[in-house]
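Notes follow once the structure below has been shown.
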Amino acid sequence: MPPPADIVKVAIEWPGAFPKLMEIDQKKPLSAIIKEVCEGWSLGNNENFALQIADATNFYITEKNRNDIKNGSILRLTTSPYQTAVQLHERIQSSSMDAKLEALKDLANASRDITFAQEFINLDGISLLTQMVESGTDFGDLLSFTLTAFVELMDHGIVSWDTFSVAFIKKIASYVNKSAMDTAVLQRSLAILESMVLNSQDLYHKVAQEITIGQLIPHLQGTDQDIQTYTIAVINALFLKAPEEKRQFDEHIGDILNCPLTEMAHILAQKQLRSIILSNVIRSTTAINDEMAHQLYVLQVLTFNLLEDRMMTKMDPQDQAQRDIIFELRRIAFDAECEPNNSGSIEKRKSMYTRDYKKLGFINHVNPAVDFTQIPPGMLALDNMLYFARHHQDAYVRIVLENSSREDKHECPFGRSSIELTKMLCEILKVGELPSENCHDFHPMFFTHDRSFAEFFCICIQLLNKTWKEMRATSEDFNKVMQVVREQIMRALTLKPNSLDQFKSRLQNLSYTEILKIRQSERMNQEDFQSRPILELREKIQPEIMELIKQQRLNRLCEGTCFRKISSRRRQDKFWYCRLSPNHKVLHYGDLEESPQGEVPHDSLQDKLPVADIKAVITGKDCPHMKEKGALKQNKEVLELAFSVLYESDEYLNFIAPDKHEYCVWTDGLNALLGKEMTSDYTKSDMDTLLSMEMKLRLLDLENIQIPEAPPPIPKEPSNYDFVYDCN
């Protein structure tokens with residue numbers, strides 16, 4: 001007869017004594033269980049004791065988490081969180097440096113547990129740590145463990161960041177500003193500054209007064225990638241929280257926009273920053289890890305988001321300064337500067353301007369300013385056109401004159417093309433969107449030039465003109481050309497070119513003819529037969545294929561996945577793992593110290609969730625962890641990767657998948673466990689692929705074509721290379 005569900009068998013340790021095997025009744029109060037354990041070892045004052053998980057975490061057992069205790073767990077009897085907090089509060093004030101160091105090490109380790117953290121904070125422990133930092137008497141390991149404990153305590157979100165004094169901020173900033181500082185102290189200090197900036201607008205102003213981009217740059221020139229990562233994270237935080245008037249400047253014309261003169265140094269520092277990141281981080285001999293890739297991606301997104309203001313600004317057709325830019329485009333294209341303004345009648349000049357604006361490819365030939373009233377791309381399109389005309393003048397003049405000499409129906413309209421291309425590039429690079437918490441998709445080539453977006457445009461507008469000619473397009477084909485150009489750009493970007501020149505050369509290999517070949521190849525691979533017998537056969541074998549997909553999804557859940565823990569306070573390298581039991585009845589999950597290299601065994605995952613207890617799978621913005629307010633929680637990409645499992649008593653197990661594929665695998669698998677339909681895009685794609693393969697195999701079988709069980713052997717390397725192949 002199986003034991004009752006509320007009884008768990010555990011081993012309990014106590015220093016200096018043999019471990020006890022014990023049955024715990026989960027219906028009994030935790031205090032009664034602790035009392036029983038203490039009496040077994042003849043220990044009095046049982047209220048001063050508590051139970052801990054005997055693993056690397058040493059987390060306390062509480063009424064909230066006691067259900068996490070499983071059969072076979074090893075527990076440890078130890079002093080209560082309150083008693084431990086009192087002892088450590090006293091020990092870290094010891095006059096002995098050795099005793100103080102050991103106490104701070106213990107505090108840094110214990111502070112990861114929220115139960116202990118609450119007790120220590122109630123003793124005004126945070127204030128004590130800040131006073132120790134402000135005093136400036138501790139250095140080296142003493143200071144390192146003090147800051148580590150502070151970071152761990154603040155990560156629980158119990159204390160508001162707004163409570164800290166200017167003196168504390170100055171002291172933390174001083175550790176960052178020093179040229180030679182202990183690596184551990186510097187790392188913790190950078191982490192604290194990042195959290196301050198992200199969690200308090202008031203602290204942003206105070207931190208911004210203490211550190212500058214110039215003071216952070218030396219940390220990027222070192223070789224420690226962790227320090228470089230934290231440094232870029234601080235820069236990103238400052239960038240993200242900076243007031244609009246300090247972030248917005250006109251990259252394209254070179255003038256500061258709504259920005260005081262004191263910000264000029266900030267902008268110049270950014271240019272220096274880009275080249276330093278390129279040479280010391282991106283082109284470093286050290287491989288870029290996921291966290292660094294994420295921070296570079298965030299910096300890339302925030303840099304491109306500076307363009308949002310221009311992208312969403314309509315042109316004022318009555319603004320003479322803006323109209324002068326259009327006149328400048330005309331002057332460069334047709335070398336019209338020698339024409340006096342008063343030559344000829346007004347009507348003649350208007351007629352000449354209208355003719356030239358038509359050659360430039362504007363939709364409105366009379367008043368081209370109207371073309372730039374569409375947002376997006378607004379004034380950003382005009383900025384790009386002017387940059388192209390000034391910095392790539394020969395290419396600009398060639399494109400304009402080349403198209404103005406073609407027949408009307410075959411000319412590629414430069415103005416219209418530039419506006420639509422700018423809009424497309426903004427969509428591809430997601431200008432104006434917040435960075436995703438899970439993305440690592442940075443492009444090295446955008447760090448190779450101070451005006452990378454404008455240069456990106458210049459390459460793509462020349463590609464557009466080339467593709468237009470290759471397609472022999474007319475004005476009716478405009479949208480088709482734009483679709484091909486988008487495909488060319490996207491395919492080149494997926495190859496992650498290291499420079500803009502490399503991007504340009506890869507586009508050269510993706511001609512319209514090559515795109516047609518790729519499309520034809522993909523079409524053949526996805527060939528679909530529409531005759532009635534084939535459709536009937538498809539319908540007949542579809543349930544078999546769906547069952548196959550279901551089994552694959554469940555097998556993937558059995559293998560398990562490592563998920564990153566997301567915190568709104570600061571990004572952390574904390575992980576947890578979840579996998580389905582082989583009998584498909586239980587979800588095993590638990591925290592990990594680091595990202596695993598392979599599968600994590602079931603017995604190392606402390607927590608369980610019976611599949612029978614699962615009520616529903618919730619996705620997207622309906623997930624409870626997506627409803628919480630956080631600095632980067634509400635952006636589109638994170639919402640697309642979020643899902644939650646609802647089980648008894650309205651409890652949730654919350655996930656953020658590492659990528660779209662894992663999201664689809666898990667939501668499909670969980671729905672399959674619940675007997676619901678699998679509806680993800682990947683299921684449809686897998687169904688189409690497997691059906692197509694199965695159909696082809698069955699049709700080959702009808703033709704009595706034997707398919708070998710094993711692949712043919714790989715041909716041997718020829719011994720004699722002196723031969724000629726006759727192509728005819």
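Hydrogens, waters and symmetry mates play no part in the numbers below; they use all other heavy atoms, side chains included.
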Does the side chain of N465 come within less than 4.5 Å of R398's, by heavy atoms? no
Could you walk me through whether R564 and I656 satisfy the side chain to side chain contact (heavy atoms under 4.5 Å, CB included) test, starting with their C-alpha distance in whole Å, then the side-chain angles of each, then the deciding distance to 0.1 Å, before giving a yes or no? CA-CA 7 Å; R564 184 186 290 274; I656 295 179; over 6 Å; no
Taking side chain as C-beta onward, heavy atoms only, is I332 less than 4.5 Å from V400? no
How far does CG of L464 sit from CE of M482, to the nearest 0.5 angstrom? 5.5 Å
Could you go through the side chain to side chain contact (heavy atoms under 4.5 Å, CB included) check for N384 and F453 one step at a time? CA-CA 9 Å; N384 284 338; F453 186 85; 3.5 Å; yes
Separation between CD of Q462 and OG1 of T467, rounded to the nearest 0.5 Å: 11.5 Å
Given side chains that start at C-beta, do those of L238 and Y204 come closer than 4.5 Å, heavy atoms only? yes
Quick check: does any side chain N or O of R323 sit under 3.5 Å from a backbone N or O of P317, one acting as donor and the other as acceptor? yes
Strictly distance-based, threshold 3.5 Å: is any side-chain N or O of N403 a donor or acceptor partner for the main-chain N or O of P413? no
What is the minimum heavy-atom distance between L216 and I235, and which atoms define it? CD1-CG1, 3.6 Å
How about K496: does its NZ atom have over 12 heavy atoms from other parts shown lying under 6.0 Å from it? yes
Partner of M312 by side chain to side chain contact (heavy atoms under 4.5 Å, CB included), out of V431, L307, I375: I375
Check V481 against A473 and note the closest heavy-atom contact, atom names and distance. CG2-CB, 3.6 Å
Tightest non-hydrogen contact, residues N498 and R283, listed as O-NH2, 4.2 Å
Working for side chain to side chain contact (heavy atoms under 4.5 Å, CB included), residues K466 and S511: CA-CA 9 Å; K466 172 175 170 283; S511 64; 4.1 Å; yes
Kindly indicate whether the side chain of K660, heavy atoms from C-beta on, has any atom under 4.5 Å from the side chain of Y682. yes
Does NZ in K206 sit with more than 12 non-hydrogen atoms of other residues, nucleotides or ligands closer than 6.0 Å? yes
In Å, rounded to the nearest 0.5 Å, how long is the span from CD of E640 to OG1 of T619? 11.0 Å
Assess the side chains of N280 and Q228: does a donor N or O sit below 3.5 Å from an acceptor N or O? no
Mind checking whether L360 and M385 have side chains closer than 4.5 Å, heavy atoms only? no
Under the 3.5 angstrom rule, does the side chain of D371 hit a backbone N or O of N364 as a donor-acceptor pair? yes
Just by distance, with hydrogens left out, do T474 and E476 show a side-chain donor and acceptor under 3.5 Å apart? yes
Apply salt bridge (Lys or Arg N to Asp or Glu O under 4.0 Å) to residues E420 and R416 and explain how you reach the verdict. CA-CA 6 Å; E420 290 301 319; R416 182 186 176 192; 5.8 Å; no
Donor-acceptor pair, T689 side chain versus S685 backbone, under 3.5 Å? yes
Nearest heavy-atom pair of H449 and R451: which atoms, and what distance? ND1-N, 2.9 Å
With rounding to the nearest 0.5 Å, note down the distance linking CG in L386 to CD1 in I325. 6.0 Å
State whether a side-chain donor-acceptor pair under 3.5 Å links Q320 with D324. yes
With side chain to side chain contact (heavy atoms under 4.5 Å, CB included) as the criterion, how do S417 and I461 come out once you've worked through the C-alpha distance, each side chain's angles and the decisive distance to 0.1 Å? CA-CA 8 Å; S417 298; I461 192 66; 4.1 Å; yes
Take the angle between the ring planes of F456 and F503 and call it parallel below 30°, perpendicular above 60°, tilted in between. tilted
Flag the pair L299 / F442 as yes when at least one side-chain heavy-atom distance between them is below 4.5 Å, and no otherwise. no
Measure up the H392 and Y387 rings against each other and bin them: parallel (under 30°), tilted (30 to 60°), perpendicular (over 60°). tilted
Just how far is it from atom CZ of F447 to atom CD of Q300, taken to the nearest 0.5 Å? 5.5 Å
Sidechain-backbone polar pair: S505 side chain, Q502 backbone, donor-acceptor under 3.5 Å: yes
Side-chain donor/acceptor of Q295 to backbone N/O of M292, under 3.5 Å: no
Closest approach of L329 and Y396, non-hydrogen atoms and distance? O-OH, 2.7 Å
Can you tell if the side chain of E291 reaches within under 4.5 Å of the side chain of Q225, non-hydrogen atoms only? no
Any donor-acceptor N/O pair, H625 side chain to F655 backbone, under 3.5 Å: yes
Does K517 offer a backbone N or O that forms a donor-acceptor pair with the side chain of S521 under 3.5 Å? no
Give a yes or no on whether the backbone of Y512 and the side-chain of E470 come within a donor-acceptor separation of less than 3.5 Å. yes
Donor-acceptor pair, T448 side chain versus M445 backbone, under 3.5 Å? yes
Side-chain touch V298/L240, heavy atoms, less than 4.5 angstrom: no
S418 and T422: which non-hydrogen atoms are nearest, and at how many Å? O-OG1, 2.8 Å
If I take atom CG from residue D659 and atom CG from residue D441, how far apart are they, to the nearest 0.5 angstrom? 12.0 Å
